[in-house]
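Here the structure is laid out as structure tokens; the discussion comes afterwards.
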Amino acid sequence: MATESADLLLLNGTIDTLGRDLPRSNAMAVKDGLVLAFGSSALELQGPGTRVLDLAGAYVMPGLLDVHNHHMIAGQMDLFELDAPPTLDLEGFLAAIDDYAATLGRDEWVVGGSWGSGLMNQMNSAEALACLDAATGGRPALLKDDSKHNRWANSRALELAEIGDGTPDPEGGQILRDPSGRATGVLIEAGGVLVEHTLSRLQPVSTEQLARAARRGIEILHSFGVTAFQDAAASLQLMRALKRLDDEGALDAWVVTSMQANDFILGTTPLGEGIIEHREETRSRHHRPDFIKIFLDGVPPAGTAAFIEPYLPDAGFPKCHCGSTTMDPAELEDWLMGTAARGISAKIHCTGDASVRLVLDTVQNVRAAGFSTPKYHVAHGQFVHPDDIARFAELDVTADISPSLWFPGVISEAIATVLPPERAARMQPNRALLDAGARVAGGSDWPVSVSPNAWEGIYGLVTREDPTGQFPGSLWPEQAVTLEEAIRIYTTASAEAMGVDDVTGSLVPGKSADFIVLPDDPHDIPLDAVRHISARQTWFAGRKVYDADEARAGMPVAGQSASA
């Protein structure tokens with residue numbers, strides 16, 4: 001009986017499968033969106049209806065994975081908001097606001113970002129607020145910083161949110177004030193949520209708009225070769241938008257969502273059980289709502305990351321300030337035990353070593369209670385106490401890392417102003433984690449990062465340097481990893497961490513035909529050239545979803561059939 005022919009056949013190139021049994025091949029056959037065969041077996045499956053992709057010597061590898069991003073927020077910024085680089089000085093940022101505001105109607109909100117964390121002190125004055133008011137031309141404005149944890153609101157937005165001189169600081173946040181006691185518009189974490197709720201009420205976003213923003217975010221991810229990702233802080237509205245896209249046949253990526261258990265940043269409602277109760281109704285073929293997201297602390301520049309030892313005494317925080325966690329040990333354990341009993345995993349935001357330790361202590365109790373299946377991610381974890389390194393592997397906890405948050409740049413420079421030098425320089429012990437047997441998975445935290453370019457992240461992992469070349473030097477170079485390890489961090493390791501290794505992350509028979517075509521083998525080019533790698537084509541489930549040449553020509557490629 002003759003074998004049915006393939007839909008797609010890749011020939012004349014190097015196909016790096018990242019699989020255990022057949023690392024590399026020169027041919028691959030695809031049928032019904034799945035990898036079917038390699039080598040001579042693949043060649044035998046060519047039939048009259050088979051589409052042949054002649055690689056002409058190009059290199060193919062599995063699609064990249066991003067274990068931590070906020071794709072819908074990024075899509076919103078690209079489509080509907082001000083999207084300025086965080087490297088601008090205050091004058092440059094105000095000029096960008098002025099230009100953008102001029103394109104809006106008189107009552108439209110000026111929304112977007114991103115301002116660099118290092119500008120916070122300059123913004124925290126009545127004079128700076130007056131400049132913001134002038135730049136926005138009387139329109140209400142709410143602008144995010146580079147971490148997306150903090151906001152800068154103008155006088156009109158403060159008025160609409162009813163934030164005045166006597167408004168108390170909300171739990172988990174702060175309204176910064178000038179010496180006279182007047183709000184300057186700089187809002188730390190939960191302080192910004194007060195205005196986010198007002199914005200949501202006065203300028204609501206529809207499910208259709210969210211779906212459009214999510215799809216735009218995925219289109220941008222495709223251009224960087226990403227075919228699977230985890231949205232690190234999903235709302236119920238986003239989950240419904242993803243389900244809608246998938247039902248319409250328009251979700252061209254594997255998407256794992258992290259349902260927000262708590263929120264002192266984004267203004268999301270509902271939270272926790274209010275989202276979890278709708279979990280299964282939003283599940284679809286390509287959407288897996290399998291995690292909760294817990295914000296356990298904030299960010300170091302704002303003094304809200306939780307550390308074992310204090311911040312610098314002259315950093316502007318209270319004496320012996322160490323920050324604090326958003327949950328005490330009992331509350332965190334209740335969340336992890338309760339969700340583990342339902343098979344739900346957890347991604348937990350930790351930027352200080354005290355919050356990392358609390359996660360490890362809690363997971364130890366969860367594992368001891370017999371819950372071995374749930375996956376746990378320490379998200380970011382820039383700072384890990386040496387005594388806790390080995391515990392990641394022992395407890396099967398993934399280190400979810402975003403290189404753009406720690407290699408030389410605006411964020412690491414801001415962190416260096418609030419921590420002692422010997423601590424600020426010891427961020428992200430990736431070499432130590434790998435040597436201890438831990439799983440390290442790669443994310444971008446885009447749009448906290450400027451782009452979701454995994455190759456820049458890979459370069460940063462290997463060199464511990466800024467891939468853009470804007471910031472000199474290297475950060476803790478002893479923690480560098482190899483190129484092969486870095487590529488695994490953005491493919492097979494991330495697939496395992498997200499729980500999608502059953503369908504993607506490597507090219508083996510039976511898995512989804514998710515792959516990227518590159519002009520060169522990353523292993524055969526100078527290391528400096530790795531940061532400039534870009535996808536020539538991106539394929540998801542055997543369909544071409546991005547083509548660099550067609551994109552330059554303005555031709556649509558998303559959703560194109562392999563048999564077309």
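We're numbering straight along the sequence, starting at 1. Quick note: numbers below take in every heavy atom, side chains included, and nothing from hydrogens, waters or symmetry partners.
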One should read off an interatomic distance between Arg215 CZ and His222 NE2, to the nearest 0.5 angstrom, of 9.5 Å
Looking only at heavy atoms, which two atoms of Gln46 and Ser5 are closest? And how far apart? C-CB, 4.3 Å
Does atom CZ (Arg212) have a neighbourhood of more than 12 heavy atoms from anything else shown, all under 6.0 Å? no
Check: Arg464 side chain, Trp476 main-chain N or O, donor-acceptor pair, under 3.5 Å: yes
Taking every heavy atom of Val508 against every heavy atom of Val35, the minimum-distance pair comes out as O-CB, 3.4 Å
Looking only at heavy atoms, what is the nearest atom pair of Trp406 and Gln382, with distance? CB-CG, 4.4 Å
Quick one: are Glu465 and Tyr459 in side-chain contact, heavy atoms under 4.5 Å? yes
Examine distances only and state if a side-chain atom of Asp246 and a backbone atom of Arg285 form a donor-acceptor pair shorter than 3.5 Å. yes
Are the side chains of Thr227 and Thr538 in contact, using a 4.5 Å heavy-atom criterion? yes
Just verifying a value: how many Å separate Asp145 CG and Trp115 CH2, rounded to the nearest 0.5 Å? 4.5 Å
Between the main-chain N or O of Thr491 and the side-chain N or O of Ser494, is there a donor-acceptor pair closer than 3.5 Å? no
Do Asp521 side-chain atoms and His523 backbone N/O form a donor-acceptor pair below 3.5 Å? yes
Going from CZ on Arg283 to CZ on Arg288, what distance comes out if it is rounded to the nearest 0.5 angstrom? 8.0 Å
Tell me whether Asp7 contacts the main-chain N or O of Asp32 through its side chain, where contact means a donor paired with an acceptor under 3.5 Å. yes
Contact between Gln428 and Gln479 at the side-chain level, heavy atoms closer than 4.5 Å - yes or no? no
May I have the list of side-chain donor-acceptor pairs in residues 433-443 shorter than 3.5 Å, sequence neighbours left out?
| residue | atom | partner | partner atom | Å |
| --- | --- | --- | --- | --- |
| Asp435 | OD1 | Arg431 | NE | 3.1 |
| Asp435 | OD1 | Arg431 | NH2 | 3.0 |
| Asp435 | OD2 | Arg431 | NE | 3.4 |
| Arg439 | NE | Glu496 | OE1 | 3.3 |
| Arg439 | NH1 | Asp396 | OD1 | 3.2 |
| Arg439 | NH1 | Thr398 | OG1 | 2.9 |
| Arg439 | NH2 | Asp396 | OD1 | 3.3 |

Would you say the side chain of Ile348 lies within less than 4.5 Å of the side chain of Leu336, judging by non-hydrogen atoms? yes
Under a 4.5 Å cut-off applied to non-hydrogen side-chain atoms, are Leu53 and Leu8 in contact? yes
Check: Ala379 main-chain N/O paired with Lys347 side-chain donor or acceptor under 3.5 Å: no
Can you check side chain to side chain contact (heavy atoms under 4.5 Å, CB included) on Leu518 and Trp455, steps first, answer last? CA-CA 12 Å; Leu518 306 178; Trp455 292 108; 3.7 Å; yes
Between Arg244 and Asp247 (salt bridge meaning N to carboxylate O under 4.0 Å), is one present in this structure? no
Keeping the roles fixed (side chain from Arg531, backbone from Pro467), state whether a donor-acceptor pair exists under 3.5 Å. yes
So, Glu281 and Arg240, do they make that salt bridge, N to O below 4.0 Å? yes
Thr504: which residues meet the side-chain hydrogen bond (donor to acceptor under 3.5 Å, both in side chains) condition with it, sequence neighbours left out? Asp514
Do Gln230 and Ser258 meet the criterion of a side-chain donor-acceptor pair at a distance under 3.5 Å? yes
Is the side chain of Thr268 donor-acceptor paired with the backbone N or O of Ser235 at a distance under 3.5 Å, no angle test? no
Say whether, by atom type as modelled, one donor and one acceptor occur between the side chain of Ser345 and the main chain of Pro374 under 3.5 angstrom. no
Measure across Gly505 and Thr492 and return the closest heavy-atom pair with its distance rounded to 0.1 Å. O-CG2, 3.5 Å
Side-chain donor-acceptor pairs under 3.5 Å in residues 59-69, sequence neighbours left out?
| residue | atom | partner | partner atom | Å |
| --- | --- | --- | --- | --- |
| Tyr59 | OH | Asp16 | OD2 | 2.7 |
| Asp66 | OD1 | His68 | N | 3.0 |
| Asp66 | OD1 | Ser444 | N | 3.0 |
| Asp66 | OD2 | Asn69 | ND2 | 3.4 |
| Asp66 | OD2 | Ser444 | OG | 2.6 |
| His68 | ND1 | Asp400 | OD2 | 2.8 |
| His68 | NE2 | Asp445 | OD1 | 3.3 |
| Asn69 | OD1 | His71 | N | 3.2 |

Using a strict threshold of under 4.0 Å (side-chain N to carboxylate O), is an ion pair present between Arg536 and Asp549? no
With rounding to the nearest 0.5 Å, note down the distance linking OG1 in Thr257 to CG in Asp290. 7.5 Å
Using 30° and 60° as the class boundaries, would you call the ring planes of His380 and His349 parallel, tilted or perpendicular? perpendicular
On the ring face of Phe291, is Lys293 found with NZ or CZ under 6.0 Å from the centre and within 45° of the axis? no
Are Lys144 and Val111 packed together at the side-chain level, in the sense that at least one heavy-atom pair is separated by less than 4.5 angstrom? yes
Would you call Glu394 and Arg391 a salt bridge, using N to O less than 4.0 angstrom? no
Kindly give the heavy-atom pair with the smallest separation between Ala486 and Val462, and that separation in Å. CB-CG2, 4.0 Å
Taking the side chain as everything from C-beta on, heavy atoms only, tell me whether Ser147 gets closer than 4.5 Å to Ile411. no
Treating Asp520 as the side-chain partner and Asp524 as the backbone partner, does any N or O pair qualify as donor plus acceptor under 3.5 Å? no
With sequence neighbours left out, write down each residue that passes ring pair (Phe, Tyr, Trp, His ring centres under 6.0 Å) with His278, or none if nothing qualifies. none
Could you tell me whether Asp501 and Lys511 have a side-chain N and a carboxylate O separated by less than 4.0 Å? no
Can Arg488 and Glu484 be counted as an ion pair, charged N to O under 4.0 angstrom? yes
Smallest separation among heavy atoms of Ala253 and Phe229, with atom names: CB-CE2, 3.9 Å
CZ of Arg342: more than 12 outside heavy atoms within 6.0 angstrom? yes
Would you please name every residue forming a ring pair (Phe, Tyr, Trp, His ring centres under 6.0 Å) with Phe515, sequence neighbours left out? Trp539
Here the gap from Asn453 atom CG to Ser404 atom OG, rounded to the nearest 0.5 Å, amounts to 10.5 Å
Do Ile533 and Ile458 have side-chain heavy atoms sitting under 4.5 Å apart? no
Got a sec: does the CD of Glu248 have more than 12 other heavy atoms crowding it under 6.0 Å? yes
Looking just at side-chain N and O atoms, do Asp146 and Ser114 make a donor-acceptor pair shorter than 3.5 Å? no
Hey, what's the ring geometry for His286 with Phe540, parallel, tilted or perpendicular (30° and 60° as the breaks)? perpendicular
What distance do Thr282 atom OG1 and Met239 atom CE have between them, rounded to the nearest 0.5 Å? 3.5 Å
Once side-chain hydrogen bond (donor to acceptor under 3.5 Å, both in side chains) is applied, do any residues pair with Thr207, and if so which ones, sequence neighbours excluded? none
Of Ile487, Leu483, Thr482, which meets side chain to side chain contact (heavy atoms under 4.5 Å, CB included) against Glu485? Thr482
